[in-house]
Amino acid sequence: MDENVHVIERYERAWIVFGLGMIAVFIVLIGYLMIANRGTIPISAGRVDATQVRSAGDFANPRVEQVGNEYVVYVQAFAFGYLPTEIRVKAGRKVTFNITSPDAQHGFQIERTNINPQVIPGEVVQVSHVFRTPGEYRIICNEYCGIGHANMVSKIIVEP
Amino acid sequence: MAVRTLSQMDAYAGAPEKKYTLYMLMLGFIALMVGTLFGPLQSFNYGGLDLYPFLKPVFQNYYQGLTLHGVLNAIIFTQLFGQAIMVYLPARELGLRPNMTLAWVSFWMALIGLLIAALPLLANAASVLYTFYPPLKAHWAFYLGAALFVLSSYVSIYLALEMWARWRKAHPGQITPLVTYMSVTYWLMWLLASLGLVVEVALFLIPWSLGLLDGVDPLLMRTLFWYTGHPIVYFWLLPAYALAYTTLPRLAGGKLISDPLARLVFLLFLLFSVPVGFHHQFADPGIAPYWKFIHTILTMMVAVPSLITAFTIAASLENAGRNNGGKGLLGWIAALPWNNPTVLAFLLGFLAFIPGGAGGIVNASFNLNQNIHNTVWIPGHFHLQVGTLVTMAAMGTAFWLVPHLTGKPLVARGMALASQWLWFIGMFIMTFALHWMGFLYAVPRRSHIAGSPIAMEAYRESAAWMVLNIVAGVILLIAAILFFYVLYATALQSRREPSQVMAEVPFTEVLSKAEGSSLAQLTERVWFWFGIALLLVVLAYGPVLFQMFTHMNPVPGVRLW
Ligand code: HEM
Ligand SMILES: [Cu+2]
Ligand SMILES: [Cu+2]
Ligand SMILES: [Cu+2]
């Protein structure tokens, strides 16, 4: 029995070392990928008064703006839809989204991309992405926002 | 021979803590039963089948049901199970009785809190889901009831620590017995972890819902919620781990491999459970990317104790299987007592925990998380953990614990076995489907898709997976009916036969003991480690919370359901 315990303890140490090694590899990989894809990391682009979003400032005028070779989009996510109702951009160009909400929290997941920020009233969230493949991409609200949550689906049209 | 007419009084006269434990446990299972009833309805929803129109007179909408499901299963049931197990096991191990007055105070606080919160939930006045993110604003009774319920756990913290202190006074210089050590670290972890929720609800949400505050800062509320929201999963999980370490090996016919390593596991949970909450806020603005990375590293650290547990439990089970005559590389598995419903529940629960743990590492990996954040992948993930291992550990333990507490033998053992197989199979199918629907088609969680033609059109490509959800919903409904039948038929029968049931808690023996182990000595300095845990929290949360508290941007409440 005693001998057995020692054998087990050896395996046990090996397993822990393996686990720690695996975790170290993961951490390095994650750090690398975060830096390599930093545009998709949601960051703050300032704060607003949620009660004024519909009446004043950039979000009272939701739009796609072309700035040089890039796009800047101002999106209002509200219960239960998105403004502008349709977003059109050209493939291969950087698109920067600024999003906020006048009411509750919402989601803004663009399918087949890593764009998936949390939209929080009072906060402007910013993410950016280059659409390589032309086509239609659904935008999905994936944060519970009330009775119409499931209807909150919109789209981005990426033209060649 | 068996005493047939043992009166209610006699049954608990010598052990009033048994009655306390039974009440906590049964209240938890009643919550689980009501909460679980909505589960199949949700599975059907993700199969495109909407049964809510038929419930309309009683339940107004999907989100009311989902709130009940989340609150009753994940907040109420789990805490009550912890309050039962993590007070009763140390009491038995130490041979001490908890302060019975306070024990009943904790029970009544929990029950009254639950009833207060239940009223607005049943009236559709608090359909804000169990995360209750502002600015969605529920009726004040919801926050007040929830607060009272959670505060009852603070009484349990005191009960456990007080027994420990009493024992230490009588046994100076000795190493704390294993289950008691687990209980103490568990409750201290919860003391530290619950602070976020308590501050959020007591300082902000209650005054806000009463109209004393015009608004609250939704980002700060999220941050406080997830400060508690990650470690709460260990609050759910650790009673199952404690039972797996200290009773499962014995029930399976073997011994626990290592006592000091088990202590290390609980100590690591005390240290690393809390400072990781930003991994639920990877998608949030207002938390800098480097803070998200720091919490990612700490999150990976908290995988270590679960990796150790996987090894220790597997090795202890192998020890059991070989004791039972199992031979060869895998023969020990077949030699485990699969026909013991408790052992079966744990074995299947741990089997599901393996993909669940792997999925957890995916969720913690920032760029992968972006693909699955708030999709049905997430409920797919945690039903493998809390919905399978934690719940099955509780169900499996009830199969011996209820008889042990009441003196009433388990009825319908075959049904008990069937309930666990079906629960496992149903959960496996459901979580499999939800993972793929979330990952491949970005199907959102918490979404009444079956009631929305727009949604059904948007996610039609996932139709094949949807069928699996319906199948799983039916299987899980049958599993739940079988389990609750066994539970109530056992607890409510009039027959008491103490000689037929386990008289003692089946505490396991260990191969590698704590005595003489330097690791055990090191883990014994609980207050020192608690200080380190506190320091880690201050470092990992302090600057961000300070910034948020000093720059609040309040938003008024809305009711959108
Ligand atoms: C019959 C068994 C069960 C079934 C069929 C089931 C099914 C589901 C489904 C399909 C969802 C996703 C709903 C949505 O996102 O709209 C869900 C959510 C959830 N379930 Fe279960 N479940 C069961 C048991 C449990 C158990 C035992 C627990 C915990 C102890 C649990 C905890 C949760 C939680 C916390 C949520 C998240 C609620 C939210 O998003 O607000 N479930 N369940
Ligand atoms: Cu929304
Ligand atoms: Cu929504
Ligand atoms: Cu977490």
Side-chain angles (χ1 to χ4, degrees), chain A residues 1 4-5 8-9 11-12 15-16 19-20 23-24 26-27 29-31 33-34 37-38 40-45 47-51 79-80 103-105 107 109-118 120-126 138 140-151 153, chain B residues 61 63 66 128-129 131 133 135-136 217-219 222 257-258 261 281-286 288-289 292-293 296-297 300-301 303-304 307-308 311-312 315 361 364-367 370-371 373-375 441-442 444-449 451-452 454-455 458 511-512 553-556 558-561:
Chain A
M1 210 27 143
N4 229 332
V5 171
I8 294 172
E9 277 172 358
Y11 280 125
E12 183 183 276
W15 170 252
I16 294 174
L20 287 171
I23 281 166
F26 287 165
I27 290 173
L29 273 175
I30 294 166
L33 284 170
M34 279 179 79
N37 302 302
R38 56 191 167 281
T40 64
I41 301 179
I43 52 167
S44 172
R47 308 177 93 181
V48 291
D49 180 346
T51 59
F80 301 98
D103 40 50
Q105 296 188 29
Q109 178 170 19
I110 305 178
E111 59 172 350
R112 289 175 282 136
T113 72
N114 270 16
I115 300 300
N116 194 355
Q118 191 81 18
I120 302 175
E123 310 285 329
V124 178
V125 63
Q126 187 178 76
R138 253 190 295 270
I140 298 159
C141 177
N142 59 16
E143 184 56 80
Y144 169 59
C145 49
I147 201 76
H149 166 53
N151 294 331
V153 183
Chain B
N61 59 62
Y63 304 104
L66 186 57
V128 290
L129 308 188
T131 45
Y133 293 143
L136 291 181
D217 183 321
L219 179 62
R222 275 176 74 80
I257 296 302
S258 166
L261 213 58
Q281 298 182 280
F282 282 163
D284 289 19
K292 294 175 182 173
F293 185 62
T296 302
I297 297 174
M300 290 290 172
M301 294 307 295
V304 172
L307 285 170
I308 300 177
F311 181 92
T312 313
I361 290 182
S365 306
F366 192 94
N367 299 77
Q370 292 175 315
N371 280 289
H373 168 66
N374 270 348
T375 68
Y441 306 105
R445 67 183 289 199
R446 310 176 139 182
S447 194
H448 187 201
I449 63 168
S452 160
I454 299 174
L511 289 178
S512 224
N553 185 10
V555 173
V558 286
R559 176 177 169 160
L560 295 169
W561 66 89

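Chain naming here is simple, since letters A, B, ... match the order of the sequence lines and numbering starts at 1 in each.
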- prompt: Who among A:I43, A:V153, A:N151 has the most heavy-atom pairs with chain B under 4.5 Å?
  reply: A:N151
field: Between B:T296, B:V304, B:L129, B:V558, the one whose heavy-atom pairs under 4.5 Å with chain A are most numerous
entry: B:L129
- prompt: Is there a side chain to side chain contact (heavy atoms under 4.5 Å, CB included) between B:S452 and A:H149 once you walk through the steps?
  reply: CA-CA 9 Å; B:S452 160; A:H149 166 53; over 6 Å; no
- prompt: Does any heavy atom of chain B fall under 4.5 Å from the side chain of A:I115, the backbone, both, or neither of them?
  reply: neither
message: As an exercise: rank A:A50, A:P121, A:G19 by heavy-atom pairs under 4.5 Å with chain B and give me the winner.
response: A:P121
- prompt: Who among A:G107, A:G31, A:A79 has the most heavy-atom pairs with chain B under 4.5 Å?
  reply: A:G31
B:F282 side, atom CZ; A:I41 side, atom CD1 - distance, nearest 0.5 Å: 10.0 Å
query: Judged by modelled atom types alone, do A:Q109 and B:T375 share a side-chain donor-acceptor pair under 3.5 Å?
result: no
query: With a 4.5 angstrom heavy-atom cut-off, which part of B:P556 approaches chain A: side chain, backbone, both or neither?
result: side chain
Which atoms of B:S365 approach chain A - backbone, side chain, both or neither, heavy atom under 4.5 Å: both
task: Under 4.5 Å heavy-atom distance to chain A, tell me which part of B:N61 shows up: side chain, backbone, both or neither.
output: side chain
- prompt: What are the two closest non-hydrogen atoms of B:Y63 and B:H448, and how far apart are they?
  reply: OH-N, 2.9 Å
message: Only pairs of heavy atoms separated by less than 4.5 Å count here; which of A:P42, A:C145, A:G146 has the most with chain B?
response: A:P42
All side-chain hydrogen bond (donor to acceptor under 3.5 Å, both in side chains) counterparts of A:T113, not counting sequence neighbours: none
field: Cation-aromatic face contact B:R222/B:Y133, 6.0 Å, 45 degrees
entry: yes
- prompt: Relative to chain B, which of A:Q126, A:R38, A:R47, A:R112 shows the most heavy atom pairs under 4.5 Å?
  reply: A:R47
field: By side-chain contact (heavy atoms from CB on, under 4.5 Å) - contacts of A:L29 (at least two apart)
entry: A:V25
statement: Applying a strict 4.5 Å limit to non-hydrogen atoms, the region of A:Y11 in contact with chain B is both
task: Check whether any side-chain N or O of A:N116 sits under 3.5 Å from a backbone N or O of B:Q370 as a donor-acceptor pair, and report yes or no.
output: yes
query: Which one of A:I16, A:T40, A:V124 has the most heavy-atom pairs closer than 4.5 Å to chain B?
result: A:T40
field: Region of A:Y144 that comes under 4.5 Å of a non-hydrogen atom in chain B
entry: both
